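All of these numbers come straight from a predicted model, not from anything done at the bench. Lettering follows sequence order; numbering is per chain, from 1.
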Number of protein chains: 2
Amino acid sequence: MKELLPHFNSTFSIDCILFGFDEGELKILLIERNEEPFKDWWALPGNLVSENESLDQSASRILHELTGLDNVYMEQFYTFGDVGRHPQGRIISVAYYAMLRLGGDRVLKPVSSYAKQAYWINVNELPKLAFDHQKIFDQGLEKIKRRIKHQPIAFELLPEKFTLTQLQNVYEVILGKKLDKRNFRKKMLSFNVLKDLNEKQKGVSFRAATLYRFDKRKYGKLFGKEISF
Amino acid sequence: MKELLPHFNSTFSIDCILFGFDEGELKILLIERNEEPFKDWWALPGNLVSENESLDQSASRILHELTGLDNVYMEQFYTFGDVGRHPQGRIISVAYYAMLRLGGDRVLKPVSSYAKQAYWINVNELPKLAFDHQKIFDQGLEKIKRRIKHQPIAFELLPEKFTLTQLQNVYEVILGKKLDKRNFRKKMLSFNVLKDLNEKQKGVSFRAATLYRFDKRKYGKLFGKEISF
DNA sequence: ATATACAGTGTAAATATTACACTAAGTAAT
DNA sequence: ATTACTTAGTGTAATATTTACACTGTATAT
């Protein structure tokens, strides 16, 4: 029965949008391609799916090869399959995103053979991208804008200990608008998912703010509840 | 350059969840397969993607072959790619859903060669499904539960002219809970997307209700606004 | 005439959201 | 020590939204 269908031969790929928050800016990881097609172009990290791995496994592998990270939650958000999207044949691409902690212990950037280099680039200053990667990015950004309103994914971009102002900055940079400080704090604390660490920020040249941690035990209470900013 | 990659050979497919609302129940269209694998099993309608069509085009084609319908809005919601999901090889499946009008002029059910028959089946009484189609269905249902809270997709399940009670029934059956009649009406009318047709229901053996139509011109106002039930 | 079945309607209480500005605390420079 | 600077941290009143709740009206069928 197995031979009724042609042998597996990689007609689908994964592309990843890795979001990071650094210096008050939302950034994504881009690679400079070292192979045809689109040699020397900027692109989202991605690769062909291997025969013996699921889509999720493939996404994790690609992330690991690129950053050395494991156990990062990645979420599939759309599959791109227009006829002309890949110049070398019919390849559809399943797109994932992940939110990474850049602050503190900075993510490493081991570079796979197919990339010359990888850089974190501000989402407002993206270069021209290979393939249909601009379209993939646009949709990914829309996705997290919607998702951040309903689920506590903002924490994933911050170091384990963070201040309320940092958290507010994440919301502001993703939503693209300023939020009221008092209202933001009131609402965020009302969700009861932040643990006050009774500890202050260090190394700042002004009044240090209180550090908080996202409290996973209380996450369930929030899940399903509507958050809105 | 084109020859660097193997020739196209259908390693991906589309599966569709077609939702319909009939006799107060939420139903989906299932086919009884007439081909191996899973011959004689119930399955979601689906097919391999052709070389010269995009995923969206493929989804529309499959819907057309099955129902004769065109111009139905279908939305991609997830791609399933576990290694063992298809017994004949590595085939990933891009899943779509659509909401169809069954009431009034009933959707026809022309049957493609690969199916013996197609039936509308209550989502609470589904038989065992082929492949990973139960998983696909579960995720599709979750998707529309979330979506119906934020976008006016409920109208798509009803005939062009409908009563507020019918509309409320759609919400109740998808969300799986009863809603308060007065609050539902107040809120739904406040969105300003319903046009009062100054016309009454016909053929009922009790007081006839007012008919409404979804007003596409006002749709934009609602879009992006948060609805919640 | 009467019974039936659903249509249609309003209000008050509780909750959530918004708008808005000053004082407190730590650091750095003199 | 004083001062200037920078960010932390806090409350209230007005408005809008959500919820809970039950009866009357009207067309049909007998």
Quiz item: Out of K200(B), Q201(B), K161(B), which residue meets the side chain to side chain donor-acceptor pair (under 3.5 Å) rule with T210(B)?
Solution: K200(B)
Between atom [atom1] in [X] and atom [atom2] in [N], what is the gap in whole Å?
{"X": "M188(B)", "N": "dT18(D)", "atom1": "CE", "atom2": "C1'", "value": "15 Å"}
{"X": "F162(B)", "N": "dA7(C)", "atom1": "CZ", "atom2": "P", "value": "14 Å"}
{"X": "Q201(B)", "N": "dA7(C)", "atom1": "CD", "atom2": "P", "value": "7 Å"}
{"X": "Q168(A)", "N": "dG9(D)", "atom1": "CD", "atom2": "P", "value": "12 Å"}
{"X": "Q166(A)", "N": "dT7(D)", "atom1": "CD", "atom2": "C1'", "value": "12 Å"}
{"X": "L167(B)", "N": "dA7(C)", "atom1": "CG", "atom2": "C1'", "value": "15 Å"}
{"X": "K200(A)", "N": "dA24(C)", "atom1": "NZ", "atom2": "C1'", "value": "11 Å"}
{"X": "L189(A)", "N": "dG9(D)", "atom1": "CG", "atom2": "P", "value": "10 Å"}

Practice problem: Step through it carefully: locate the ring centre of W41(B), locate the ring centre of F131(B), and say whether they are under 6.0 Å apart. | Solution: no
Quiz item: Are Y78(B) and F80(B) an aromatic pair by the rule of ring centers under 6.0 Å?
Solution: yes
Exercise. Please determine, for the side chain of R207(B), which listed nucleotide (dG10(C), dT18(C), dG25(D)) has the closest atom?
Key: dG25(D)
Quiz prompt | K187(A), nearest nucleotide to its side chain (from dA20(D), dA19(C), dT17(C)) | solution = dT17(C)
Hey, is the side chain of [X] poking within less than 4.0 Å of OP1 or OP2 on [N], counting only N and O atoms?
{"X": "R182(B)", "N": "dA20(D)", "result": "no"}
{"X": "T165(A)", "N": "dT7(D)", "result": "no"}
{"X": "T210(A)", "N": "dG9(D)", "result": "yes"}

Practice problem: Count the heavy atoms of every other residue, nucleotide or ligand shown that sit under 6.0 Å from CD of E199(A), and state whether that count exceeds 12. | Solution: yes
Practice problem: By nearest nucleotide on DNA chain D, pick out whichever of K186(B) and F206(A) is the more 5' one. | Solution: F206(A)
Quiz item: Nearest nucleotide by nearest heavy atom, which residue falls closer to the 5' end of DNA chain D, D180(A) or K181(B)?
Solution: D180(A)
Exercise. Can you measure from CG (D215(B)) to CG (L197(B)) and round to the nearest 0.5 angstrom?
Key: 10.0 Å
